[in-house]
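Below is one structure, written out as structure tokens; the observations come after it.
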Amino acid sequence: MGGSILLPLMADSIMTTPTDSASPIRVRIAPSPTGDPHVGTAYIGLLNFIYARQGGGKFVLRIEDTDRTRFVPTSEQMIFDSLRWLGLAWDEGPDVGGPYGPYRQSERTEIYREYVQKLLDSGHAYRSFETAEELEAMRKSQIAAKLPPRYNGAHRELSAEQIAAFEAEGRPAVIRLKVPVEGETTFRDELRGDVTFSHNNVDDQVLLKSDGFPTYHLANVVDDHLMRITDVIRAEEWISSTPKHVLLYKAFGWEIPRFWHMPLLRNLDKSKISKRKNPVSLIYYRESGFLPQALLNFLGLMGGGMVQPTEQEIVSKGLNVKEGDIFSLPEMLEKFDFKRISLGGPVFDLTKLKWLNGEYLRALPPGDFFTALRATIFSDDYLSRIAPLVQTRIETLAQFGDMTDFFFKDDVMPPPEVFVPKKRTLEETVAFAADQLEVLEKTDFTTETLEPALKQLGVDKEWAVKDNFMLLRAILTGKTASPPLLESMIVFGKARSLDRVRRFLDTQKRLANQKK
RNA sequence: GGCGUUAUGGUGUAACUGGUUAACACGCCGCCCUCUCAAGGCGGAGAGUCCGGGUUCGAGCCCCGGUAACGCUACCA
């Protein structure tokens, strides 16, 4: 990593060139605890981890929990567990501490308030009193008029009296960034070169919400600075908001970090990877029996970056050719080259991941393979939770297999004669399954919550409990007879259950399209 | 719609500073091995590098112009 060796100390140098070469590399990942830990987090996490280790620096984990409407309490722990499972250990974070804590943004609200006040004082930010509804209406009319939907700046220059009047009304305010009307902002993306945005196209971003929590943009910049982050390695979707961040750094008079925007993982149809079209939960991968080293290896393949072995190496080391695609985390630390990353969004192709996982499985010493089975799919914990569900339903122990096969399968796909109730059409049934998915997504998997949620849906959509539950049973187990549905789902787990319903819907949709 | 980014077989990547019939892996097809299925071995189909111009003896690599896909366009991250 080059650095700015040639630049003499220029206190107010143009801007870019971050961190003098003396400052140690510090990177971070900043997941939001809004649900299951995401495979994209693992991807960016891996890249940051490699970068930190290669540069002899620190890898920080920061929890961005500023959106309390999407906050999921169990999520944070799942993030910790999943990243540890992958072997991506962080040097500083909410659970391990560190010199620049706290590492949870909800615990830093005072800090943000303090810094936003500085912005207010220096005229780089202003209070804005519109309600969410007013803003929504504004946006709609702009779109109707074929204008780009942006904040119209109505409150940019409010007088002290006007502000006082709004406050007297008890109107809540947000604080917005005062983006210059003229000019443009250019920043350097380490992989792409200079990227320029005209200020016309940079909105007056809300920095502090009316609930007193910061938005990503403010919190991110403040924290990255305070936590001495030298390199921001994040997904490509952030490129368009980077000018806002740069403007903030400048407003504060802070040094700007290096930006590395990584290509976005994609579905098979090239859209940004989504749960509808791909399993994205790390919990899913773990519970489905993927090995962490295989997942890491696969993620390392996404976007390139690994130096391929040369012809000579293949010959002299007697490598099997396909070993060009197989490498461990230590090998990535040694050979991964950020400058070689290719920018086209890679399709996250489960087929190749499965092949890779198979390679790793086959390479395991038999003892380790057995241990892996016993630690996951045949763990005492899992089996002991399944056993009570079947004890009263079988006559010989061997029937355990028939009764519980769906717990151990990669996927099941029932035919229509199994999942469509007598009085319903295929279309109706699939539509209802989509409703079920929606309910399941926002319901905790416990007996107390699952049953009423599903039954309520049945009432709303006029589906008999029997048909309602049978459909789900068919989707999840592939059969019409199974251990109790709800308990089975809880044991099977939310991640895998949801994925099974999504795959089901996906398949039905494809089939329906084929018919047309 | 606006702005930005990207563009090599179905998928992931390769091709030193422009230089031979565009390479490797996954997937697919076939053959061999084999009690089956995998694994393994061997072979094959599949891109002329988004399109159109230009520079050059020569372009996937350079230049210009398009197109498409994706991302952003929230008091979400």
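Every chain is numbered from 1, with letters handed out A, B, ... down the list of sequences.
At a threshold of 4.5 Å between non-hydrogen side-chain atoms, the residues His217(A) and Leu177(A) do not count as touching. In this structure the side chain of Pro279(A) reaches within 4.5 angstrom of the side chain of Leu350(A), judged on heavy atoms. Using a 4.5 Å cut-off on side-chain heavy atoms (C-beta onward), Lys272(A) and Lys277(A) make no contact.
Glu92(A) pairs with exactly one of Arg62(A), Arg228(A), Arg26(A) by the salt bridge (charged side-chain N to carboxylate O under 4.0 Å, His left out) rule, that one being Arg26(A).
Base orientation at rG48(B) is syn, since its O4'-C1' glycosidic dihedral falls within 90° of 0.
rC72(B) and rC26(B): their P atoms are spaced 34 Å apart (whole Å). With P as the reference atom, rU49(B) and rU20(B) are 15 Å apart, rounded to whole Å. Remark: the separation of the P atoms in rU21(B) and rC3(B) is 42 Å, to the nearest Å. Comparing the C1' positions of rG48(B) and rA14(B) gives a spacing of 16 Å, expressed to the nearest Å. To the nearest whole angstrom, the two P atoms, one in rA47(B) and one in rU11(B), are 13 Å apart. Rounded to whole Å, the P atom of rA59(B) lies 46 Å from the corresponding atom of rA38(B). Taking atom C1' on both nucleotides, rC33(B) is separated from rG27(B) by 22 Å, rounded to a whole Å. Taking the P atom of each, rG66(B) and rC28(B) are spaced 42 Å apart, rounded to whole Å.
Of all the residues in residues 295-305 of chain A, Leu301(A), Met302(A), Gly303(A), Gly304(A) reach under 4.0 Å from RNA chain B with at least one non-hydrogen atom.
For rG43(B), the paired nucleotide is rC29(B), the pair qualifying as Watson-Crick or G-U wobble because both relevant distances are below 3.5 Å. Of all nucleotides present, only rC57(B) satisfies the Watson-Crick or G-U wobble test against rG19(B), with each distance under 3.5 Å. The partner of rC35(B) is absent, by the rule that a Watson-Crick or G-U pair needs both atom distances under 3.5 Å. Across all strands shown, rG65(B) forms a Watson-Crick or G-U wobble pair, both distances under 3.5 Å, with rC51(B). Checking rC3(B) for Watson-Crick or G-U wobble geometry (two distances, each under 3.5 Å) identifies rG71(B) as its partner. In this structure, rG9(B) forms no base pair with any nucleotide, since neither Watson-Crick nor G-U wobble geometry is met with both distances under 3.5 Å.
rC26(B) atom P lies 5 Å from atom CH2 of Trp355(A), rounded to whole Å. Rounding to whole angstrom units, CZ of residue Phe369(A) and C1' of rA38(B) are separated by 12 Å. Taking atom NZ of Lys277(A) as the reference point, atom P of rU11(B) lies 15 Å away to the nearest angstrom. Atom C1' of nucleotide rG12(B) and atom CZ of Phe327(A) are separated by 10 Å, given to the nearest angstrom. Atom CG of Leu350(A) is separated from atom P of rA25(B) by 22 Å (rounded to the nearest Å). One atom, CG of Leu343(A), and another, C1' of rG4(B), lie 13 Å apart when rounded to the nearest Å. One atom, OH of Tyr43(A), and another, C1' of rG12(B), lie 11 Å apart when rounded to the nearest Å. Rounded to an integer number of Å, the gap from CZ of Arg362(A) to C1' of rC26(B) is 12 Å.
Using a 4.0 Å heavy-atom cutoff across all strands shown, Arg234(A) reaches no nucleic acid atom at all.
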Footprint string (nucleotides 68-77 of chain B, 5' to 3'): B base within contact, S backbone only, - free, heavy atoms under 4.0 Å: -SSBSSSBBB
Nucleic acid footprint by protein, nucleotides 60-67 of chain B - heavy-atom cut-off 4.0 Å, B for base, S for sugar-phosphate alone: --------
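Between Trp90(A) and Tyr103(A), the distance separating the two ring centers is not shorter than 6.0 angstrom. Ring-centre distance between Phe213(A) and Tyr112(A): not below the 6.0 Å cut-off.
Counting only N and O atoms by type, the side chains of Tyr126(A) and Asp204(A) include a donor and acceptor under 3.5 Å apart. Side-chain atoms of Asp231(A) and Trp260(A) include a donor-acceptor pair closer than 3.5 Å. Inspection of the Asp65(A) and Ser106(A) side chains reveals an N or O donor paired with an N or O acceptor under 3.5 Å. A donor-acceptor contact closer than 3.5 angstrom is absent between the side chains of Arg127(A) and His155(A). Of the N and O atoms on the side chains of Asn297(A) and Tyr360(A), at least one donor lies less than 3.5 Å from an acceptor on the other residue.
When distances are taken from the side chain of Ile239(A) to each of rU5(B), rU13(B), rG12(B), the shortest belongs to rU5(B).
Ring geometry for Tyr216(A) versus His245(A): interplanar angle of 30 to 60°, hence tilted.
To the nearest 0.5 angstrom, Phe49(A) atom CZ is 12.0 Å from Leu47(A) atom CG. Summarising the geometry, atom OG belonging to Ser274(A) is positioned 11.5 Å from atom CG belonging to Leu265(A); distances are rounded to the nearest 0.5 Å.
Place Val195(A) and Leu268(A) on RNA chain B by their nearest nucleotides, and Val195(A) ends up nearer the 5' end.
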